[in-house]
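Here the structure is laid out as structure tokens; the discussion comes afterwards.
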Protein chains: 2
Amino acid sequence: MTATEKAQPRGRPRTFDIDEAVDRAVKLFHRRGYDAVGVAELGSELGIKPPSFYAAFGSKAGLFEQALERYTASKANVFGNALLEGGSVAEVIERTLLEAARIYPEQDGAAGCLVMDGTRNSTDPEARALAAALKEAGRARIRDFIATEFPARADELADLVAIALAGMSAAARDGAKASTLKAFAEAASRAFRHEAARA
Amino acid sequence: MTATEKAQPRGRPRTFDIDEAVDRAVKLFHRRGYDAVGVAELGSELGIKPPSFYAAFGSKAGLFEQALERYTASKANVFGNALLEGGSVAEVIERTLLEAARIYPEQDGAAGCLVMDGTRNSTDPEARALAAALKEAGRARIRDFIATEFPARADELADLVAIALAGMSAAARDGAKASTLKAFAEAASRAFRHEAARA
DNA sequence: CTTTTTCTGTAGCGGTCACTAAAAATAGTC
DNA sequence: GACTATTTTTAGTGACCGCTACAGAAAAAG
């Protein structure tokens with residue numbers, strides 16, 4: 001299963017590591033947004049020339065899709081990680097919001113959530129659709145989880161969390177400090193408990 | 001003062017109306033974002049050719065600047081309008097959030113706030129700077145107003161409102177319905193009152 | 001009238017964009 | 001060694017970007 005050496009295929013071997021290239025692409029897209037980072041820059045930063053780029057990823061959007069997958073499978077998936085630690089719905093949501101407050105502030109030049117804000121206003125419909133699909137999938141997961149305790153108000157409570165996260169991501173991109181996001185996350189968490197207890 | 005006919009100047013008269021052109025530009029930028037709408041499209045939509053465009057506005061960013069001014073002076077300035085009706089801080093903030101929930105959903109193809117989301121991830125630093133300046137100015141106005149009742153916690157409470165508005169704008173751009181935003185605005189308003197009463 | 005001023009249309013500038021055709025290079029296989 | 005398969009390099013492509021030079025057109029001023 002860990003046979004990374006898989007009996008080298010026929011032709012000339014690839015001189016770069018696809019996984020590492022995707023990792024670097026995640027950073028670039030996160031730092032600067034989908035539109036701002038061009039294929040030329042990706043190539044030079046990843047150390048590959050355009051034809052190799054297109055042979056490996058198909059298109060710029062194709063690389064972006066892989067980058068999004070890598071990103072959502074990482075520690076940046078705040079809800080997924082919060083869910084792993086278990087607990088009540090309110091506890092998991094609180095951890096989700098606090099984790100976002102911890103991760104979203106600028107690190108290495110990248111701020112906010114790549115999925116939520118990496119393609120906002122992008123001129124590329126394909127890139128926007130990819131991000132939108134992941135955004136909706138994340139919201140659906142949160143809603144289904146909330147429904148385990150609050151089935152009647154799952155949608156409304158999920159929207160509360162999703163919109164709060166979107167606001168935090170936008171604020172982080174605009175330079176909000178970790179302390180600012182933490183204070184908001186705590187207030188949002190209190191609001192969630194309060195709203196969940198209503199009706 | 002209403003002398004719209006101001007003793008026609010010397011040269012060939014302009015064949016288009018600058019005010020109307022700015023209005024159309026507001027709609028275009030709001031609908032599609034700064035980067036996605038090019039000078040060629042602006043020209044054809046506004047009925048003017050490139051040289052007239054540059055004589056009138058200086059640059060694409062110049063037109064965007066005027067469009068932002070027009071936008072912030074309109075009913076889209078949710079806090080400014082809420083402030084006009086007076087009342088306590090909590091009342092004005094509630095009206096601000098509810099007004100945002102009313103106007104952010106898609107209308108005529110445009111959703112969210114032009115200032116908050118019209119240039120997110122734009123490749124043009126000038127356009128981003130213009131929007132960022134207005135964003136910060138708006139947050140400062142809200143903070144100063146909140147300080148009239150809650151001087152010690154004005155920053156924290158202003159961040160609560162600003163991040164909530166940013167989230168609502170992002171959600172609206174992603175297709176959130178008016179009812180969704182209204183429910184969030186009401187919850188955020190309750191959270192504001194609750195947080196303001198703390199400590 | 002001629003002159004001056006300002007705007008308009010035609011045409012196109014240099015630059016960047018995502019992307020690709022063609023051939024050389026490097027491996028396994030026969 | 002000859003052949004096949006794959007990736008590499010070189011050198012671009014056409015399309016679009018924001019923007020402008022230039023000359024003609026339309027007004028007031030002399």
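The structure presented is a predicted model; accordingly, all values stated were derived computationally and were not measured. Only this structure's heavy atoms are used, side chains among them; waters, hydrogens and symmetry mates stay out. In what follows, every chain begins at residue 1, and chains take the letters A, B, ... in the order their sequences are listed.
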Between [N] ([atom2]) and [X] ([atom1]): distance, integer Å:
X: K60(A); N: dA15(D); atom1: NZ; atom2: P; result: 20 Å
X: I48(B); N: dC7(C); atom1: CD1; atom2: P; result: 12 Å
X: D124(A); N: dT16(C); atom1: CG; atom2: P; result: 21 Å
X: E41(B); N: dA15(D); atom1: CD; atom2: P; result: 19 Å
X: F53(A); N: dT9(D); atom1: CZ; atom2: P; result: 15 Å
X: D35(A); N: dC17(C); atom1: CG; atom2: P; result: 11 Å
X: L42(A); N: dT16(C); atom1: CG; atom2: C1'; result: 15 Å

Presence of [X] side-chain N/O under 4.0 Å of [N] phosphate oxygens OP1/OP2:
X: Y54(B); N: dC19(D); result: yes
X: T15(A); N: dT7(D); result: no
X: R14(B); N: dC7(C); result: yes
X: K49(A); N: dT8(D); result: no

Smallest separation among heavy atoms of L160(A) and F192(A), with atom names
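So the minimum-distance heavy-atom pair works out to CD2-CA, 3.7 Å.
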Nearest atoms (heavy-atom pairs only) where L114(A) meets Y71(A)
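Closest pair (atom of L114(A), atom of Y71(A), distance): N-OH, 3.2 Å.
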Verify, without hydrogens or angle tests, whether [X] (side chain) and [Y] (backbone) share a donor-acceptor contact under 3.5 angstrom.
X: N81(A); Y: K75(A); value: yes
X: T119(B); Y: S122(B); value: no
X: H30(A); Y: G112(A); value: yes

With a non-hydrogen cut-off below 4.0 angstrom, is P13(A) in contact with a base, only sugar-phosphate, or nothing?
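Result for P13(A) = sugar-phosphate.
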Classify the nucleic acid contact of F16(B) as base, sugar-phosphate or nothing, counting any heavy atom under 4.0 Å across all strands shown.
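Sugar-phosphate contact only.
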Of the nucleotides dC7(C), dC19(C), dT4(D), which one has an atom closest to the side chain of R12(B)?
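Of the options given, the side chain of R12(B) lies nearest dC7(C).
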Identify, between A55(A) and Y34(B), the residue whose nearest nucleotide on DNA chain D lies closer to the 5' end.
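Its nucleotide being nearer the 5' end, the pick is A55(A).
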How do G47(A) and V39(B) order along DNA chain D: which one's closest nucleotide is nearer the 5' end?
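It is G47(A), whose closest nucleotide lies nearer the 5' terminus.
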DNA chain C: R10(B) or P51(B), which has the more 5' nearest nucleotide?
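Nearer the 5' end of the strand: R10(B).
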